**Student:** 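I have a structure here, written as structure tokens, and I will follow up with some questions on it.
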Amino acid sequence: MHGGYNVIFDLFEKEKVLNDTHLIIQGMNRLKGEVEIDGSKNSVLPLIAATSLTKDIMTLKNVPNILDTSVMCEMLTEAGGSYNLTNNTLTLANNIKNPWFSQELASKVRASILFLGPILAAYGEISIPLPGGDKIGYRPIDIHLDALEEMGAEIVVTEGVVHAKAKSFPLKGAPIFLKFPSVGATQNIMMAATLARGETCITNAAKEPEIVDLAQMLNKMGAKVYGAGTNTIRIVGVSSLNGTIHDVIPDRLETGTLLIASAITGGKVILKNTVPEHNTPIMAILRKIGVQIEVTDQGSIAVFGGNIKRSFKASALPYPGLPTDLQPLLTALAIHCPGVSEIQDNIYSERFSHVAEMMKMGASIHRYGNVIQVTGGQQLKGSTVSGGDIRTVTSLICTSLMAEGQSKIFGLEHLYRGHGGLVEKLNGLGADILFSTTSYSIMETTGDVK
Ligand code: EPU
């Protein structure tokens, strides 16, 4: 089992190297071939948090080798656990002794707040700094805190740290109405409710596939969670949970990214290890603008680009709507569609930092609040651009794939928070992407996280 200061040091070292590295992309290559999709970042992070609900060994398979996975594992180590990540299989042994966490790690990812529910439920108290994560606008945690208070937690936030204690232990089940179907709050409540006394019913719950994946793993651990994937989730508390082995679902956002990259370049690509129905909204948009998409029973999606005929209108919404995380990628797509496309983000109204960078390449985009209008069809020119969050960086990579000449993309420390091998996958499909420094090899880990 691994963990501890050496790994944390390696983590910061990796980030530093990535910060000093950039991508050099030569545009205009068509993508062609087959590619495997990794396990989902947004699923594995809550699953790691959920492992703190049991003292038994937990095994997660199809785990993406990304920085955010390392941060979540290191947080558990900080609290007294240990882990090993080899060949995308993560084994965790959690015997939490100190349910408090450092600012250093918690502030790196938004998902750190997902330890709040399970650790409070399993240990009765927790101190955890406010979460960090992508800079994509205001991201409060009021829905998480209000719900846990209704379940019997006493919560104080002082100097950026959330201190929560169960007034009586275990927590008590409660009816919870969410004013917005927050993904993270639904996950935190579900996890807390598994070990609470009595029944919890979440109304207006989030319905994302990552919620269903978490419920399935919790149920394998002995929890009683009903209705995940609908807007009402009922959880009947149990006294303890056991260890289990669980496969992380494929990453629908990496799938969406590669679908868009293939369409933009007029490529012919088969994406394997996907759950096609998780990508219904993006496939519908692509089909509408003239891209041919074929889905097989075995979870593959074939995309045939090269025939983009028209512009589109799209609106990012909670699942089963179009994911906000693909909104910057759709902007890249819109640049290649003849006519004026309109894209709205109803989840993060400020998630538009990609726009200014794309305009440096010659894109014509106007923003009106949470709506952008993109006049597509012009040839872009390579430029030097930078992204400050995962999806901005991936959207800039996609934009550069069809720009004339060379682009330089900065912000790799964000890219690697969410994608372990996207550059290699694109190069395997025929893209021309180089790393600016040789120290990139530090990221070539296939075994342990460290
Ligand atoms: N919100 C509140 N109060 C809360 C919680 C959320 O007002 O207590 C608001 C947020 O400000 C936002 C909206 O509700 O406007 C949605 O937030 P949600 O809680 O659903 O998002 P999250 O759980 O923090 C996850 C993903 C994000 C993804 C969103 C929306 C993880 C680790 N993160 O965040 O993923 O954008 O759901 O689908 O699962 C990414 O992968 O790039 C990413 C940012």
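As the structure lists them, so they are numbered: ligands from 1, and atoms in each ligand from 1. Bear in mind that the values here come from a model prediction, so they are computed numbers and not experimental data.
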**Student:** Sequence neighbours left out, cut at 3.5 Å: what donor-acceptor pairs do the side chains of residues 193-201 make with other protein atoms?
**Tutor:**
{"unit_1": "Thr194", "atom_1": "OG1", "unit_2": "Met191", "atom_2": "O", "d": "2.6"}
{"unit_1": "Glu199", "atom_1": "OE1", "unit_2": "Arg234", "atom_2": "NH1", "d": "3.2"}
{"unit_1": "Thr200", "atom_1": "OG1", "unit_2": "Ala174", "atom_2": "N", "d": "3.4"}

**Student:** Using a strict cut-off of 4.0 Å, indicate which atoms of ligand 1 neighbour a heavy atom of Val183.
**Tutor:** 18 (P), 19 (O), 20 (O), 23 (O), 37 (O)
**Student:** Do Phe312 and Cys337 pass the side chain to side chain contact (heavy atoms under 4.5 Å, CB included) test, and can you show the C-alpha distance, the side-chain angles, and the key distance before you say yes or no?
**Tutor:** CA-CA 8 Å; Phe312 61 90; Cys337 298; 3.9 Å; yes
**Student:** Flag the pair Pro181 / Asn231 as yes when at least one side-chain heavy-atom distance between them is below 4.5 Å, and no otherwise.
**Tutor:** no
**Student:** For atom 3 (N) of ligand 1, which of the options Asp389, Leu326, Val44, Asp142 provides the nearest non-hydrogen atom?
**Tutor:** Asp142
**Student:** If I take atom CG from residue Leu333 and atom CD1 from residue Ile335, how far apart are they, to the nearest 0.5 angstrom?
**Tutor:** 9.0 Å
**Student:** side-chain contact (heavy atoms from CB on, under 4.5 Å) with Ser353: which residues, sequence neighbours excluded?
**Tutor:** Asp389, Thr392
**Student:** Would you say that more than 12 heavy atoms from the other residues, nucleotides or ligands in this model lie under 6.0 Å from the NE2 of His163, or not?
**Tutor:** yes
**Student:** Between Tyr348 and ligand 1, which part of the residue brings a heavy atom under 4.0 Å of the ligand: side chain, backbone, both or neither?
**Tutor:** side chain
**Student:** Test your reading of the structure: does Thr324 have an N or O sitting under 3.5 Å from an N or O of ligand 1?
**Tutor:** no
**Student:** Would a 4.5 Å heavy-atom cut-off, applied to side chains only, mark Ile37 and Lys272 as touching?
**Tutor:** no
**Student:** Taking 4.0 angstrom as the limit and counting only heavy atoms of Lys41, give me the atoms of ligand 1 inside it, by number and element.
**Tutor:** 40 (C), 41 (O)
**Student:** Indicate yes or no: at least one non-hydrogen side-chain atom of Ser52 is less than 4.5 angstrom from one of Ile96.
**Tutor:** yes
**Student:** Short list, please: which atoms of ligand 1 are under 4.0 Å from a heavy atom of Arg391?
**Tutor:** 40 (C), 41 (O), 42 (O)
**Student:** Could you name the option among Gly321, Pro140, Pro131 that has the heavy atom nearest to atom 5 (C) of ligand 1?
**Tutor:** Pro140
**Student:** As an exercise, identify every atom of ligand 1 less than 4.0 angstrom from a heavy atom of Arg351.
**Tutor:** 36 (O), 42 (O), 44 (C)
**Student:** By number and element, which atoms of ligand 1 are closer than 4.0 Å to a non-hydrogen atom of Ile347?
**Tutor:** 12 (C), 13 (C), 15 (O), 16 (C)
**Student:** Within a distance under 4.0 Å of any heavy atom of Arg110, pick out the atoms of ligand 1 and give their elements.
**Tutor:** 5 (C), 24 (O)
**Student:** Hey, which atoms in ligand 1 end up nearer than 4.0 Å to a heavy atom of Gly184?
**Tutor:** 19 (O), 23 (O)
**Student:** Yes or no on side chain to side chain contact (heavy atoms under 4.5 Å, CB included) for Ile235 and Tyr226, after CA distance, side-chain angles and deciding distance?
**Tutor:** CA-CA 6 Å; Ile235 306 111; Tyr226 309 99; over 6 Å; no
**Student:** So is Gly418 in contact with ligand 1, going by heavy-atom distances below 4.0 Å?
**Tutor:** no
**Student:** Can an N or O of Ile143 be found at a distance shorter than 3.5 Å from an N or O of ligand 1?
**Tutor:** yes
